[in-house]
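Heads up: numbering here begins at 1 and tracks the sequence. Note that this is a predicted model, so its numbers are computed, not measured.
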Amino acid sequence: MNSKIKSFILPIIFISALLFSILFESKLPLRFEQIAYALSLTIKDLLIFFLPFVIFSLVFSSISRLGAKAMKYIIIIIPLICCSNFMNTMLSYATSNIFLRGDWNLSNVTQQDSNLIPAFTIQIKQLVSNDIALFSGVILGLTFGILKQDISEKISRKLDWFAKLFFKCLLPIMPLFIIGTTLKLQADGILSAIIEKYLPVLLTFIISAYGLIITELLILSRLRIKKVIGYIKNILPAIVTAFGSMSSAAALPLSIKAAEQNVNEKINAGIIIPSTVNIHLVGDCFFIPMMALTVMMSFGMGMPSIGTYIVFAFHFMLAKFAVAAIPGGGVLVMLPIMQNYLGLNADMLALVTALYILFDPIITSCNVAGNGTMAIIFDRIVGKLKD
């Protein structure tokens, strides 16, 4: 009963922290906001510092316990991610064709300068990148799982203890993290710009991207609404954290926790979530092409042909493997892709980049929701293969 109460209260606490920051930002003392922002930056740096070790711990434990079977799961993950990214990019084209024809008059998109600076700064440098931690966990997990199973089990138990301790220490401070980062977004006028200036595009993106995710959850639950609500309730803390931090990596611990609650085999959550955090980005696959197409129409270029777009979507899918899940990281790698295959000029690329940054909180939250759904899909596929 206690665990159920905690899982119900946690999303409420996170959403309350988010709403508090949005509604009371203009009424709070500046010093309070500066301290809150400084605390959020410190927490984020600590997250970034420890995340590679958590990723390594989870991946090593999961892969080593699978032993020789691990390669089979890796072979499943890569095509699954490629297929999802490509199909989502194509769905963005279909949605834009139906709902975003016309001139949205997208221009002069800037964010206002605020005097909200952190009250203090603590420099914490990341020792190891997430990618190195991921690949090291896979390679060493495979090696120990196949050749040294007794030793790998002892190591895995210690790594599991570390990961659980990390999550236990993390959850109580996440509301502080959300409050500080959201206060900064609100003070810079980013959230206001999203709501006031670009509501039609935002609504189209949310309805199409989240509509796909909810449809997938309905199919996975066999149209059981109560089951879908349970899935969403578990993923919600990670979604809210992603919204406030604009970083899928910052929400990774909560994404893993949610996946463990939503899948049949917890070990599958430790495999798929760290593997997809940087490369399976549903929000990016919908928003970047959608915004590029809208800007093209705004500049009088018209909608590209389906053949042209398929070539773009293929290269867009490949470029996803080079994206870092950090604020603004999703669009930067895609700029040459949009220029070469859709013909966007420098002004248009700058506009798409600015709009991406404005919408980044919502895009990132969608990325996290999509990865939570992918975890359930992966778990079902693995379960079918076992049968």
**Student:** For the atom pair OG1 (Thr241) and CG (Leu254), what is the distance rounded to the nearest 0.5 Å?
**Tutor:** 4.5 Å
**Student:** Quick one: which of Leu212, Ile214, Val282, Leu217 gives a side-chain contact (heavy atoms from CB on, under 4.5 Å) with Thr373?
**Tutor:** Leu217
**Student:** Just how far is it from atom CZ of Phe312 to atom CE of Met90, taken to the nearest 0.5 Å?
**Tutor:** 10.5 Å
**Student:** Do Tyr210 and Thr215 pair up side chain to side chain, a donor and an acceptor below 3.5 Å, judged on atom types alone?
**Tutor:** no
**Student:** Can you check whether Leu91 reaches Ser208 side chain to side chain, under 4.5 Å on heavy atoms?
**Tutor:** no
**Student:** Shared ILVMFWY cluster between Phe56 and Ile139, side chains joined below 4.5 angstrom?
**Tutor:** no
**Student:** Donor-acceptor check, side chain of Asn367 to backbone of Gly283, threshold 3.5 angstrom: yes or no?
**Tutor:** yes
**Student:** Could you see if Ile151 belongs to whatever hydrophobic cluster contains Leu140? Use Ile, Leu, Val, Met, Phe, Trp, Tyr and a side-chain cutoff under 4.5 Å.
**Tutor:** yes
**Student:** State, yes or no, whether a side-chain contact exists between Trp161 and Ser156 at a heavy-atom distance under 4.5 Å.
**Tutor:** no
**Student:** Between CD1 of Ile117 and CD of Gln34, what distance do you get to the nearest 0.5 Å?
**Tutor:** 5.5 Å
**Student:** Would you be so kind as to tabulate the donor-acceptor pairs closer than 3.5 Å made by side chains of residues 18-29, with sequence neighbours excluded?
**Tutor:**
{"unit_1": "Ser21", "atom_1": "OG", "unit_2": "Ala17", "atom_2": "O", "d": "3.0"}
{"unit_1": "Ser21", "atom_1": "OG", "unit_2": "Ile179", "atom_2": "O", "d": "3.3"}

**Student:** What's the spacing between Leu46 CG and Phe166 CZ if we round to 0.5 Å?
**Tutor:** 8.5 Å
**Student:** Quick one: are Pro304 and Leu342 in side-chain contact, heavy atoms under 4.5 Å?
**Tutor:** yes
**Student:** Go through the steps for Phe205 and Phe359 under the test ring-ring contact (aromatic ring centres under 6.0 Å, His included), then give the verdict.
**Tutor:** CA-CA 10 Å; Phe205 164 67; Phe359 284 101; 7.3 Å; no
**Student:** Could you check if a side-chain atom of Met296 sits within less than 4.5 angstrom of a side-chain atom of Leu344, using non-hydrogen atoms only?
**Tutor:** yes
**Student:** Between Val263 and Leu252, is there shared hydrophobic-cluster membership here, with clusters defined by ILVMFWY side-chain heavy atoms closer than 4.5 Å?
**Tutor:** no
**Student:** Could you give the distance from CD1 (Ile98) to OH (Tyr93), rounded to the nearest 0.5 Å?
**Tutor:** 11.0 Å
**Student:** For the CG atom of Asn371 and the CD1 atom of Ile235, what is their distance to the nearest 0.5 Å?
**Tutor:** 9.5 Å
**Student:** Hey, is the main chain of Gly230 close enough, under 3.5 Å, to the side chain of Asn234 for a donor-acceptor pair?
**Tutor:** yes
**Student:** Whether the Ser305 and Thr308 side chains hold a donor-acceptor pair (N or O, under 3.5 Å, no angle test) is what I'd like checked.
**Tutor:** yes
